[in-house]
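Structure first, then comments.
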Amino acid sequence: MKKAIAILLSVIVIASSFAACASKDGKSSKDSGDLSDAVNEYGFESVEATDKNGEPVTDKNGEKVTELVQVLYEKDKKGKTIAKLLDENGEPVTDKDGKEVTVKTDYDMDDSGKNDSGKTENSSEEKVPTTKEQKTTASTTQKKSGGEATTESEITTLDYKKDKVPTISDAINSKSKKAVEFDSRDQQIVKSMLEVPELYTYSYENKDGVPIALATHAALWMAEREDLNTSTYASGTIVLDLFKFFGQTVVNFKTKCNDEGKNDKIKYNKKNDTFTITDFENPKQTVSIKKIEYIGNNNYYLVTADVSGAGKITKVNAIIQKNKLDIGLGFSIKALKWQ
């Protein structure tokens, strides 16, 4: 199962990074002028688990156990991609000699930004977004009206070339979609993600990447979930949180946040590579989920919901993906259409 998850997440990151790194005019993200933000990719690798003494951990059958760790991919002086191990704040881990720790990777990154990494989970439990006292529990997807459940155990994995995020229009018009029911916890999570303050201000299709201004609202909400007593956040924390929320890298968020973010509550500090958050956003729109439909491909679902408290907007369609990028969420929002 661990291997299957690692493979799945590799596929997720490959496909999402490829989609995210192409701008509307077709130019590479390298054209932005800040190579450190445009070329570097966050992702995840599967490594052998070790105990506190550094010895390999084995299961009851004597097989080595693997775990997933978060990494930052960079090019070394020879042009080879290396994977730097990151801590929970998204900062590089160093050994006793102060050298940055790397992990083995078969991934190589070209100018399109494609990657084939996997992802880590924190071993500690995280909290459900809108109920800080409630711990995570197992989630299930139940059948409804002949619909099929695909998220309970093994998950089908696809070659990244075949892993295409459906457009909102294609999903709505699909004749093969099947109605499903999420358990109450999963429904609450999806509802909470769609109720991120001001999220209704932008629609987007996955192929076009995530608008920077939209990402600022998600960044504030995800940072609030970190529940840290600080106004200064490591850049890795914010960027990784966005990666988890959208299931793809928000290209050039650091370099464009201040100019295109349209949000005075979060600012990027280039001098020390941090974000300053002066305040979080108050709840605004309320979402009532009407139906969730399985649309196949790589664990994608179409969510249809009513919206109130968002001015003239009364409805939203969202493409979501069931994944393990964030143990407290279990989903990423891949496309949005507010109307």
Note, T314 side chain near D306 side chain (heavy atom, < 4.5 Å): no
Within 6.0 angstrom of K262 NZ, more than 12 heavy atoms from elsewhere: no
Heavy-atom side-chain proximity of I333 to V196 below 4.5 angstrom: no
Short side-chain to backbone donor-acceptor contact, N252 and T255, under 3.5 Å: no
T249 side-chain N/O to V251 backbone N/O, donor-acceptor pair under 3.5 Å: no
Side chain S332, main chain K244, donor-acceptor under 3.5 Å: yes
Listed partners of S174 passing side chain to side chain donor-acceptor pair (under 3.5 Å), at least two apart: S176
Charged N-O contact under 4.0 Å between E74 and K84: yes
Test item: Q339 side-chain N/O and K315 main-chain N/O as donor-acceptor pair under 3.5 Å: no
Which residues share a side chain to side chain contact (heavy atoms under 4.5 Å, CB included) with T167, sequence neighbours left out: S169, D170, E205
Backbone of P283 reached by a side-chain donor or acceptor of E195 within 3.5 Å: no
Pairing residues for K267 by the side chain to side chain contact (heavy atoms under 4.5 Å, CB included) criterion, not counting sequence neighbours: N258
F275: ring pair (Phe, Tyr, Trp, His ring centres under 6.0 Å) partners, not counting sequence neighbours: F253, Y268
Close side-chain approach of I295 to I319, heavy-atom, < 4.5 Å: yes
Within residues 304-329 or reaching into it, pairs that qualify as ring-ring contact (aromatic ring centres under 6.0 Å, His included) - sequence neighbours excluded: none
Residues V250, F245; criterion side chain to side chain contact (heavy atoms under 4.5 Å, CB included); working and verdict: CA-CA 10 Å; V250 179; F245 187 90; over 6 Å; no
Side-chain touch P92/L85, heavy atoms, less than 4.5 angstrom: no
Check: W221 side chain, S192 main-chain N or O, donor-acceptor pair, under 3.5 Å: no
Any side-chain heavy-atom pair of T286 and K191 under 4.5 Å: yes
Partner residues of T276 under the side chain to side chain donor-acceptor pair (under 3.5 Å) criterion, sequence neighbours left out: N269
Test salt bridge (charged side-chain N to carboxylate O under 4.0 Å, His left out) applied to K337 - qualifying residues, sequence neighbours left out: none
Flag if over 12 foreign heavy atoms under 6.0 Å of CG, N61: yes
Residue list, side chain to side chain contact (heavy atoms under 4.5 Å, CB included) with I172, at least two apart or on another chain: I168, L302, N317
Pair listing, salt bridge (charged side-chain N to carboxylate O under 4.0 Å, His left out) test, anchored in residues 228-241, at least two apart: none
L336 vs L194, side chain to side chain contact (heavy atoms under 4.5 Å, CB included): CA-CA, chis, key distance, verdict: CA-CA 9 Å; L336 284 169; L194 293 174; 3.7 Å; yes
Working for side chain to side chain contact (heavy atoms under 4.5 Å, CB included), residues V303 and V190: CA-CA 9 Å; V303 178; V190 174; 4.2 Å; yes
Note, E293 side chain near V180 side chain (heavy atom, < 4.5 Å): no
Worked verdict on L242 versus V210 for side chain to side chain contact (heavy atoms under 4.5 Å, CB included): CA-CA 10 Å; L242 286 175; V210 181; over 6 Å; no
Set of residues satisfying ring pair (Phe, Tyr, Trp, His ring centres under 6.0 Å) with respect to F331, sequence neighbours excluded: F182
Side chain to side chain donor-acceptor pair (under 3.5 Å) involving S308 - partner list, sequence neighbours excluded: none
Which residues share a side chain to side chain donor-acceptor pair (under 3.5 Å) with D259, sequence neighbours left out: none
Residue pair D273 / K254, side-chain heavy-atom distance below 4.5 Å: yes
Backbone N/O of E281 and side chain of K265: donor-acceptor pair under 3.5 Å: no
